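Letters A, B, ... are given to chains in the order of the sequence lines, protein chains preceding strands, and every chain is numbered from 1. These numbers come from a predicted model, not from an experiment.
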Amino acid sequence: MNEEVKTTNFIHDIIDADLASGKHVEVVTRFPPEPNGYLHIGHAKAIHLDFGTAEKYGGRCHLRMDDTNPEAEDEEYVKAIQEDIRWLGYDWGRHLYWASDYFDTMYEYAIRLIKKGKAYVCELGKEEFKDYRGIPTEPGKEPPGRGRSIEENLALFEKMKNGGFEDGACVLRARIDMASPNLHMRDPALYRIKRATHHNTGDKWCIYPMYDFAHCIEDSLEGVTHSMCTMEFEVHRPLYDWILEELDVFRSHQYEFSKLNLTYVVLSKRRLLQLVNEGLVGGWDDPRMPTLCGMRRRGFTPEAIKKLCTIVGCTKYEGITEIEQFESIVRDDLNEASLRAMAVLDPLKVVIENYPDNLVEEFEVPNHPQKEELGTRKVPFGRELWIERDDYMDDAPSKFKGFTIGREVRLRGAYLATCNSVERDAGGNVVGLRCTYDPETKGGSAPDGRKVRSTIHWVSARHAVDAEIRLYDRLYTVENPLGDKEKEFKDFLNPDSLKVATGKLEPMLANVEPGTRFQFERVGYFCADLDHTPAKPLFNRTLTLRGTKA
RNA sequence: UGCCCGAUGGUGUAAUGGCAGCACAUGUGACUUUGACUCAUAGAGUCCUGGUUCGAAUCCAGGUCGGGCAACCA
């Protein structure tokens, strides 16, 4: 997973050209989250691009909290955002900034625009202005305040700042072109009045800059050379350029790329919030959520997430990546890195009739089949075992890998054993197996060299630790839950996205740290949950093994 | 509807005027003390129509289809 795939993309091509021409001598990027929600895998794509680009070119990437709307934002998210970015493995060093750091400068810049006759105070209400702006096919009309004198605008703007107007009574507008085919250029709002306490600046301001005004200035002030954002901002770029041009400040440039889309995943902030608020999931860090904290809890690795970002690359094409792509990367990573263990999720009792009742043996079992350096562990074995219910079948076909009456099967790392008879309840259901083992096959191989095709996992009943095991599956039943005009995404929630099992674990698993990842052999990849304790073991299934059903 | 953007196997992504490659997914086979891993192998692609050129996925024109924008959100 560490082999860095050589990457380039259309933005890096531009950077190469900028560096070659001397337009820039260093590369400065930024990741600008608004602290109003948790980061998800879509943000990971942007983070990977922003920080990864800076890394590639030996430049720097700023982390900037884009806190221009105090009504929406909350300190609670700031810590979580930082934790998630660090978890991905990125470091902004001393370059943590806030849009609110620049409120004074932005105010000065607004005045500069007014003095140039490029901004004015507009008293039109929200709905009224919509009328003036008009529709794309027809030019808009000039708002009444547009012709006001500079002095008047200066006075009015100061009155706005000093609280002389009610919220929403007026806004500061850029004076651009009410006839522009780009609606964003029809005198967009720059400042609005909003009496809200800001988490950084408190009650100092009652006017706050709009995104379009704030963002380009933030970039410029920080010396950001390449400001990358998603495609929906493309139509804002002329405004971004216009503001920096009129202000005559350092020219940052904006480049747009397409968002990440994954099958069986919904990333919209609003809908994620809905899942949490309506109790459809356990919270923002529910392991079924595509949030970084949810994915962390699920057991996904930051390396796998970054590798996905590398593979999907950076283009302007709005496609949808199959979740199988990600799952494959995760399995690759987890297969390499995880230690093996044995756990039985749907236990069936086996009695080895010819094994002494009081005997306990410990077998030295490798922690990884291909990596000797990961060592071995001791697993206790006794007369009574748990095996997977699925590992017994009446009249099994020859390709079946498990017990059937008369067939010899290898108990992984222990002995070869043969099933002689089956115990059934009144309904005919199998409730236990009676087997005999071959004492000559210690470790699992027969001295006479006979071939045994089946190997199954097991846990000693006397030593087994009971555990709650949460079996996670896709949150939705369809690839694109947003793709149906009649139904809403919640109609496609997978009722089986979480199943809870009480499993039997090999004893070592009770004592691992929360977050530790394992492959339960023949079952899947699992991760000790945040709430896992030795007294109450709790594991999450990250993914099944390839080729096995959920 | 106006403006902007895009289109390469089922999916994602390379090829920067010169052999259309890689990965995932799918099929088949081998190996296996995990139905895992690994290995081998197969099928499958340049949206359409013209033009420029010795040569076009790439450049040009027109079309088709898909996406975005029209908050005092970001």
Side-chain angles (χ1 to χ4, degrees), chain A residues 5-10 13 32-34 36 66-69 71-73 99 122 124-126 129-130 133-139 167-173 180-186 188-194 207-208 210-212 214-215 229-238 256 258-259 261 263 269 308 310-329 331-332 335-336 340 342 365-366 368-370 399-402 410-414 416 443-445 452-457 479 519-525 544-548:
Chain A
V5 188
K6 158 196 90 105
T7 70
T8 190
N9 57 55
F10 74 97
D13 292 344
E34 183 185 16
N36 73 343
D66 213 1
D67 54 351
T68 55
N69 184 1
E71 274 172 1
E73 294 139 15
C122 170
L124 253 22
K126 210 184 295 188
F129 182 73
K130 207 180 256 182
R133 182 176 44 219
I135 54 172
T137 42
E138 293 164 26
D167 281 18
C170 51
V171 296
L172 183 74
R173 287 191 185 288
S180 171
N182 180 347
L183 281 316
H184 292 276
M185 298 297 273
R186 321 248 267 224
L190 265 24
Y191 263 96
R192 78 283 216 184
I193 304 171
K194 211 180 259 267
I207 57 171
Y208 292 95
M210 299 290 294
Y211 167 86
D212 284 311
H215 206 91
C229 62
T230 46
M231 292 299 291
E232 67 266 27
F233 291 99
E234 190 157 33
V235 284
H236 295 240
R237 178 158 28 95
E256 309 85 14
S258 64
K259 281 193 157 88
N261 286 302
T263 56
K269 212 180 258 187
L308 174 74
T310 300
I311 282 175
V312 302
C314 171
T315 67
K316 292 167 104 84
Y317 175 67
E318 302 262 7
I320 182 159
T321 301
E322 291 173 334
I323 194 67
E324 287 83 353
Q325 177 84 245
F326 178 60
E327 292 176 345
S328 168
I329 293 165
R331 289 186 176 111
D332 253 18
N335 175 52
E336 280 284 311
R340 309 295 134 120
M342 290 198 282
V365 178
H368 194 293
Q370 280 87 32
K399 64 177 175 45
F400 178 71
K401 302 267 207 172
R410 176 162 31 241
L411 297 166
R412 173 89 161 139
L416 300 183
S445 39
V452 175
R453 293 184 50 247
S454 305
T455 301
I456 66 168
H457 61 284
E479 285 194 4
Q519 185 199 97
F520 292 172
E521 286 192 287
R522 301 210 306 136
V523 181
Y525 295 101
T544 60
L545 258 25
R546 210 180 315 252
T548 58

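Base pairing in RNA chain B yields stems of at least 3 consecutive Watson-Crick or G-U pairs, both distances under 3.5 Å, namely B:2-7 with B:64-69, B:10-13 with B:21-24, B:26-30 with B:38-42, B:47-51 with B:59-63.
A gap of 15 Å separates the C1' atoms of B:U1 and B:G68, to the nearest Å. For the C1' atoms, the distance linking B:A57 with B:C48 amounts to 14 Å, nearest Å. B:C47 and B:C65 have their C1' atoms separated by 7 Å, with the value rounded to a whole Å. The P atoms of B:U13 and B:A56 are separated by 26 Å, rounded to the nearest whole Å. Going from the C1' atom of B:A15 to that of B:G45 covers 14 Å, rounded to whole Å.
In this structure, the CD atom of A:Glu336 is 11 Å from the C1' atom of B:U38, given to the nearest Å. A:Ile456 places its CD1 atom 12 Å from the C1' atom of B:U34, with the value rounded to the nearest Å. Regarding A:His368, its NE2 atom lies at a distance of 17 Å from the P atom of B:U33, rounded to whole Å. Rounded to whole Å, atom P of B:G6 lies 14 Å from atom CG of A:Asn9. When rounded to the nearest whole Å, the span between CD of A:Glu521 and P of B:U34 equals 8 Å. Rounded to an integer number of Å, the gap from CD of A:Glu327 to P of B:U11 is 18 Å. Note: CZ (A:Arg412) to C1' (B:G35) measures 13 Å, nearest angstrom.
Looking at every heavy atom in both residues, A:Asn182 comes nearest to A:Pro238 through ND2-CG, 3.7 Å. The minimum heavy-atom distance linking A:Cys314 with A:Phe10 is given by the pair O-CD2, 3.6 Å. Listed here is the closest heavy atom pair of A:Lys399 and A:Arg453: CA-NH2, 3.9 Å.
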Check the pair A:His215, A:Thr68 against side-chain contact (heavy atoms from CB on, under 4.5 Å), reporting the backbone distance first and the verdict last. CA-CA 9 Å; A:His215 206 91; A:Thr68 55; over 6 Å; no
Sugar-phosphate means primed atoms, P, OP1 and OP2; the rest is base. With that split, encode nucleotides 62-74 of chain B 5' to 3' as B, S or - using protein heavy atoms under 4.0 Å. -----SBSBSBSB
Nucleotides 20-30 of chain B: protein proximity per nucleotide (B base, S sugar-phosphate only, - neither; heavy atom, under 4.0 Å): ---BBS-----
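Checking side-chain atoms of A:Ser258 against main-chain N and O of A:Tyr317 turns up a donor-acceptor pair under 3.5 Å. A:Arg192 contributes no side-chain N or O that, together with a main-chain N or O of A:Val171, makes up a donor-acceptor pair within less than 3.5 Å.
Across all strands shown, A:Gln519 has heavy atoms under 4.0 Å from base atoms, whether or not it also approaches the sugar-phosphate. Residue-level contact check: A:Gly413 touches the bases, meaning some heavy atom is under 4.0 Å from a base atom.
Contact annotation: A:Arg522 side-chain N/O to B:G35 OP1/OP2 distance is under 4.0 Å. At least one side-chain nitrogen or oxygen of A:Thr315 sits closer than 4.0 Å to the OP1 or OP2 atom of B:U13.
With sequence neighbours left out, the salt bridge (Lys or Arg N to Asp or Glu O under 4.0 Å) criterion links A:Arg522 to A:Asp391. Partners of A:Lys401 by salt bridge (Lys or Arg N to Asp or Glu O under 4.0 Å), not counting sequence neighbours: none found. A:Glu521 pairs by the salt bridge (Lys or Arg N to Asp or Glu O under 4.0 Å) definition with A:Arg412, not counting sequence neighbours.
Comparing A:Lys401 and A:Val312 by the nucleotide of RNA chain B that holds the closest heavy atom to each, the one mapping nearer the 5' end is A:Val312.
Taking the six-membered ring for Trp and thresholds of 30 and 60 degrees, A:His184 and A:His236 have ring planes inclined between 30 and 60 degrees apart.
In this structure B:A30 sits in the anti conformation; its chi angle is more than 90° from 0.
For the pair A:Met231 and A:Lys259, the minimum side-chain heavy-atom distance is 4.5 Å or more.
Heavy atoms from other residues, nucleotides or ligands lying under 6.0 Å from NZ of A:Lys130 number 12 at most.
Closest approach to the A:Tyr317 side chain among B:A36, B:U8, B:G35 is made by B:U8 (side chain taken as heavy atoms from C-beta onward). Closest to the A:Phe400 side chain, of the nucleotides B:A7, B:A36, B:G35, is B:G35.
In this structure, CG in A:Asn36 is found 3.5 Å from NZ in A:Lys269, a value given to the nearest 0.5 Å.
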